[in-house]
**Q** 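Sending over a structure as structure tokens; questions will come in a sec.
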Amino acid sequence: MSRSGALAALAEPLSIVASALAGETIDVKLERPSDPDHGDYASTVALQLAKKLSRPPREVAGELATSIAGADALATEPEVAGPGFLNLRVSDAWYRDALAELLDAAGTYGGGSAATRERVQVELVSANPTGPLTVGSGRNGAYGDSVARLLEFAGNDVEREYYYNDAGTQMERFRASVDARRRGEEPPEDGYHGDYIAELATIDGDPIPAMLERIEQTLDRFRIGIDTWARQSELEIEIPAVIDELDTYEADGAVWIRSTEFGDEKDRVLIRSQDRGGLPTYEAADAVYMRKKFERGFDRLIYVLGADHHGYVPWLKALAAACGRESDAAEVLIYQLVHLVEAGEAKRVSKRRGDVVLLDELVDAVGIDAARWYLVTRGHDQAIEIDVELAAEKSNKNPVYYVQYVHARTSGIFREAEGAPVAPEPYAGIGDAERDLIKRLVEFPDIVAEATERRGPHAVPVYAVRVADDFHRFYHHHKVLQTHFDTVTPEQQRFRLALCRATQLVTARCLDLVGVASPARM
RNA sequence: GCGCCCGUAGCUCAGGGGAUAGAGCGUGUGCCUCCGGAGCACAAGGUCGCAGGUUCGAAUCCUGCCGGGCGCGCCA
């Protein structure tokens, strides 16, 4: 949808001709061949069309080639290769236009890809305040916040919310554990035993607000800004009224919601039977909560949950349907769990026992930038094993610094350049490293659009590393600034400064999308 | 038993129908009279878990199996 103008300009004529041939709309995608002999860009559309048209693919490719031959953006005639690939070689004019487009868009380059601007709520972390945030919550936050940043960049109106339980069994156990400590006793067997319990025992009053304050500090430090906080106790008041409006029935003394009618895999209990206490379940609070979220005007509700909650997905989807919305209005993002290892051995963790690795400990060990990078760079459906000692040891080799270095280096060049002119006009005979860098940079809009659509922010740092590769190669091969012993022409300097500026813009945006700083110096 | 996720280089991971499967770390070899060497160039290293299927074309889609992670409470 929001393809970069430069790439779209190349692909569009092909799309038109291909669509005419096929009798249906075909959106031609261009790819970058790994072998430079295959041109700057290639399309496989002829191979795909050949069967439908019952014609040899090379013949179809030839027809497509003829139809776009002579375009300004092309340096040579399109070539038909292999079984029916169509290979394109782009002109200097194309590079100029591509670079100019990027520089003009500046900080908005690649943004605004949302087809319609939605009000989106991302509910993330939502760890109950019975202890400090763990690295598992850190993954939730790093993933959820990056998705939120992508959605914002695409043009949506995004709110981050943290939901917590401030009433219920776990909370009472937590309070009882702190109280026990205050009396100088050991917390109960089923209570909480971490060191932080002893710390909380030294302050008076309800320990939950103090715990929440600590959680918020950790999140701030981790560059996650929570817009709103939701408490379960506030929702519980409205449970009876909401239940009246839902499709429920009584069985075995409990009140059930007929969620299977809305696609759930089983009906769920909303009010426990008397012999189990007769109190509402967590699901009852969910029902109230989701209804209120929709009332607040959100078009889309995103839930970020660990893989241990994946059985919850059909429930939330069904609940959206029960609220009279599309089930897709509730979107559940599942990330695989973070496993802790210690000296190669899997470690059994329990929050209650207190033997966990805290997010603060990870950040202390490797720094914020490396921690966020590390937690977001692997795909969310990949389980992470983390050994904090090893992570600390390896942190100075984290690729995040390689990418940040690009930003620092370009910043340094502009400090040195002292306002020298910048222009996207290629000088005669530009180098391959310069062309490759531009080709890399113009991929950015497609990369972010796809990362946004797929809720896969890890594509952004992966791409940023490729940008860094291409930039460092360019930098190594070409001097940017004219100095007393370098022969850089004014045309070369202007153009290369434009490349530096474009690289700096794209790199800064990539880093920001994953919550990592863009340093001017390192 | 049923469901979701994963299996790609020694290690950690990208790759979601295209040409010769990539990166970082680790290993080996070169490069600082040079705008920042946190860099560059090069090398070694692969039955993409196994077996079928779909396709002109499969690491990628489908089926089965093997191995690993996580679920399947009137817990929260």
Side-chain angles (χ1 to χ4, degrees), chain A residues 31 33-35 37-38 42-44 47-48 50-51 56-57 81-85 87 128 130 165 168-171 232 251-256 265-266 268-283 285-286 306-314 334-337 339 346 374 377-386 390-391 394 396-406 408-417 433 450 454 456 458-459 461-463 465-466 468-469 471-483 485-486 488 493 496-497 500 521-522:
Chain A
E31 39 197 85
S34 47
D35 184 341
D37 286 346
H38 297 146
S43 169
T44 58
L47 289 159
Q48 289 149 22
K51 188 174 185 185
F85 292 102
N87 296 339
N128 281 335
T130 55
N165 190 354
T169 323
Q170 295 301 328
M171 292 303 115
Q232 188 176 330
D252 306 325
V255 177
W256 299 68
E265 56 195 13
K266 59 189 175 189
R268 316 243 174 186
V269 171
L270 295 182
I271 307 289
R272 294 182 186 78
S273 56
Q274 283 307 318
D275 51 328
R276 305 232 191 178
L279 292 172
T281 59
Y282 197 82
E283 280 84 350
D286 285 337
D308 53 343
H309 287 78
H310 73 256
Y312 219 59
V313 178
I334 297 293
Y335 60 92
Q336 298 300 311
L337 300 179
H339 301 283
Y374 183 80
T377 300
R378 346 1 296 252
H380 53 269
D381 47 14
Q382 191 82 28
I384 291 182
E385 286 198 344
I386 187 165
L390 206 62
K394 287 181 135 181
N396 59 338
K397 288 162 189 157
N398 191 309
V400 70
Y401 301 116
Y402 178 65
V403 175
Q404 286 184 313
Y405 185 56
V406 170
R409 194 172 233 185
T410 49
S411 300
I413 290 167
F414 284 108
R415 278 193 298 272
E416 201 73 25
E450 194 178 343
R454 284 167 51 171
H458 69 282
V462 167
Y463 165 76
V465 170
R466 295 202 201 108
D469 281 338
F471 177 75
H472 286 308
R473 199 166 299 123
F474 151 75
Y475 182 83
H476 187 258
H477 288 301
H478 302 288
K479 294 279 172 278
V480 176
L481 297 178
Q482 167 91 64
T483 63
F485 43 48
D486 286 318
V488 177
Q493 176 171 310
R496 288 172 185 162
L497 281 172
C500 290
R521 290 187 165 83
M522 286 175 76

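Reminder, nothing fancy here: chain letters follow the sequence lines and each chain counts from 1.
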**Q** P atom, B:rC62 versus B:rC75: distance in rounded Å?
**A** 37 Å

**Q** With a 4.0 Å cut-off on heavy atoms, is A:Asp252 in touch with a base, just the backbone sugar-phosphate, or nothing at all?
**A** base

**Q** Could you tell me how far B:rC66 sits from B:rG28 if I compare only their C1' atoms? Round to whole Å.
**A** 37 Å

**Q** Rounding to the closest angstrom, what is the interatomic distance between B:rA44 and B:rG3 at atom P?
**A** 46 Å

**Q** At less than 4.0 Å, is any side-chain N or O atom of A:Tyr312 found next to OP1 or OP2 of B:rC70? Yes or no.
**A** no

**Q** Tell me whether A:Thr44 contacts the main-chain N or O of A:Phe85 through its side chain, where contact means a donor paired with an acceptor under 3.5 Å.
**A** no

**Q** To the nearest 0.5 angstrom, please state how far the OG1 atom of A:Thr169 sits from the CG atom of A:Leu279.
**A** 8.5 Å

**Q** Taking atom P of B:rC4 as reference, at what distance in whole Å does atom NE2 of A:His309 sit?
**A** 19 Å

**Q** Output the single nucleotide from B:rC40, B:rC35, B:rC75 whose closest atom is nearest the side chain of A:Arg272.
**A** B:rC75

**Q** Where the side chain of A:Arg272 meets the backbone of A:Pro280, is there a donor-acceptor pair that is under 3.5 Å apart?
**A** yes

**Q** Taking the side chain of A:Asn165 as heavy atoms from C-beta outward, which of B:rA76, B:rG36, B:rC35 is closest to it?
**A** B:rA76

**Q** Measuring only the C1' atom in each nucleotide, how far is B:rG39 from B:rA59? A whole number of Å is fine.
**A** 32 Å

**Q** What do you reckon, do A:His38 and the base of B:rA19 stack, with centroid distance below 5.5 Å and planes below 30°?
**A** yes

**Q** Is it the case that A:Asn128 and A:Thr130 place a side-chain donor and acceptor less than 3.5 Å from each other?
**A** no

**Q** Tell me what A:Glu283 touches on the nucleic acid: a base, only sugar-phosphate, or nothing, going by heavy atoms under 4.0 Å.
**A** base

**Q** Name the nucleic acid region contacted by A:Gly379, choosing base, sugar-phosphate or nothing; use a 4.0 angstrom heavy-atom cut-off, strictly under.
**A** sugar-phosphate

**Q** Identify whether any heavy atom of A:Leu47 sits under 4.0 Å from a base atom; if not, whether one sits that close to sugar-phosphate; answer base, sugar-phosphate or nothing.
**A** base

**Q** Contact class for A:His478 vs. all strands (heavy atom < 4.0 Å): base, sugar-phosphate, or nothing?
**A** base

**Q** If you look at every strand shown and take non-hydrogen atoms under 4.0 Å, does A:Arg378 touch a base, only sugar-phosphate, or nothing?
**A** sugar-phosphate

**Q** Expressed in whole Å, how much space separates the C1' atoms belonging to B:rG52 and B:rA58?
**A** 13 Å

**Q** B:rG16, B:rA38, B:rC40: which one has an atom nearest the side-chain heavy atoms of A:Arg454?
**A** B:rG16

**Q** Checking contacts here: which listed nucleotide (B:rA19, B:rA76, B:rC40) is nearest the side-chain heavy atoms of A:His476?
**A** B:rC40

**Q** Among B:rC25, B:rC40, B:rG37, which nucleotide has an atom closest to any side-chain atom of A:Asp469?
**A** B:rC40

**Q** Side chain of A:Arg415: nearest nucleotide among B:rA76, B:rC4, B:rG36?
**A** B:rG36

**Q** Check this for me: does the side-chain of A:Asp286 come within 3.5 Å of the base of B:rA76 through a donor and an acceptor?
**A** no

**Q** Go through the N and O atoms of the side chain of A:Arg409 and the base of B:rG39, and report whether any donor-acceptor pair is under 3.5 Å.
**A** no

**Q** Relative to the ring of A:His458, is the ring of A:His380 parallel (under 30°), tilted (30 to 60°) or perpendicular (over 60°)?
**A** perpendicular

**Q** Identify the nucleotide, in any strand shown, that forms a Watson-Crick or G-U wobble pair with B:rG7, with both distances under 3.5 Å; if there is none, say none.
**A** B:rC66

**Q** Need the pair for B:rG46. Rule: Watson-Crick or G-U wobble, both distances under 3.5 Å, any strand; none if unpaired.
**A** none

**Q** Does A:Asp35 reach a base, just sugar-phosphate, or nothing at all? Heavy atoms under 4.0 Å.
**A** base

**Q** Could you check A:Gly412 against A:Val465 and say which one's nearest nucleotide on RNA chain B is further toward the 5' end?
**A** A:Val465

**Q** Taking atom C1' of B:rA21 as reference, at what distance in whole Å does atom CD of A:Glu31 sit?
**A** 14 Å

**Q** When rounded to the nearest Å, what value does the distance between P atoms of B:rG46 and B:rG22 take?
**A** 14 Å

**Q** Choose from B:rA38, B:rC56, B:rA76 the nucleotide whose nearest atom is closest to any side-chain atom of A:Lys51.
**A** B:rC56

**Q** Categorize A:Ala254 for me: base, sugar-phosphate, or nothing, with a 4.0 angstrom heavy-atom threshold over every strand shown.
**A** base

**Q** Write down the distance between CG (A:Asp308) and P (B:rG73), rounded to a whole number of angstrom.
**A** 15 Å

**Q** Which glycosidic conformation, syn or anti, is assigned to B:rC32 if syn requires a torsion within 90° of zero?
**A** syn

**Q** In whole angstrom, give me the gap between the P atoms of B:rG37 and B:rG45.
**A** 32 Å

**Q** Closer to the 5' end of RNA chain B via nearest nucleotide, is it A:Glu416 or A:Gln48?
**A** A:Gln48

**Q** Give none if B:rC2 has no partner; otherwise give the nucleotide forming a Watson-Crick or G-U wobble pair with it, both distances under 3.5 Å.
**A** B:rG71

**Q** How many whole angstroms separate atom CG of A:Asp381 from atom P of B:rG71?
**A** 17 Å

**Q** Check whether any side-chain nitrogen or oxygen of A:Lys397 sits under 4.0 Å from OP1 or OP2 of B:rU12, and answer yes or no.
**A** no

**Q** Would you please indicate if the ring centroids of A:Phe471 and A:Phe474 are separated by under 6.0 Å?
**A** yes

**Q** Spell out yes or no: do the side chain of A:Thr281 and the base of B:rC74 have one donor N/O and one acceptor N/O closer than 3.5 Å?
**A** no

**Q** Within the 4.0 Å heavy-atom criterion, would you say A:Ala42 contacts the bases, only the backbone, or no part of the nucleic acid?
**A** base

**Q** Ignoring hydrogens and angles, does a donor from either the side chain of A:His339 or the base of B:rG69 sit under 3.5 Å from an acceptor on the other?
**A** no

**Q** Assign A:Ala417 to base, sugar-phosphate, or nothing according to its heavy-atom contacts below 4.0 angstrom with the strands shown.
**A** nothing

**Q** Please report the distance separating the P of B:rC13 from the corresponding atom of B:rC74, rounded so that it comes out in whole Å.
**A** 36 Å

**Q** According to the 5.5 Å centroid and 30° plane-angle thresholds, does A:Phe85 stack upon the nucleobase of B:rA19?
**A** yes

**Q** Rounded to whole angstroms, how far apart are CZ on A:Arg473 and C1' on B:rC40?
**A** 9 Å

**Q** At under 4.0 Å, does any side-chain N or O of A:Arg276 touch on OP1 or OP2 of B:rG73?
**A** no

**Q** Any idea which of B:rA38, B:rC56, B:rC74 is nearest the A:Tyr405 side chain?
**A** B:rA38

**Q** Does A:Val480 reach a base, just sugar-phosphate, or nothing at all? Heavy atoms under 4.0 Å.
**A** base

**Q** Would you kindly give the NE2-to-C1' distance between A:His472 and B:rA38, to the nearest whole Å?
**A** 8 Å

**Q** Would you kindly give the CD-to-C1' distance between A:Glu385 and B:rG68, to the nearest whole Å?
**A** 10 Å

**Q** In whole Å, what is the span from the CZ atom of A:Phe471 to the C1' atom of B:rC40?
**A** 13 Å

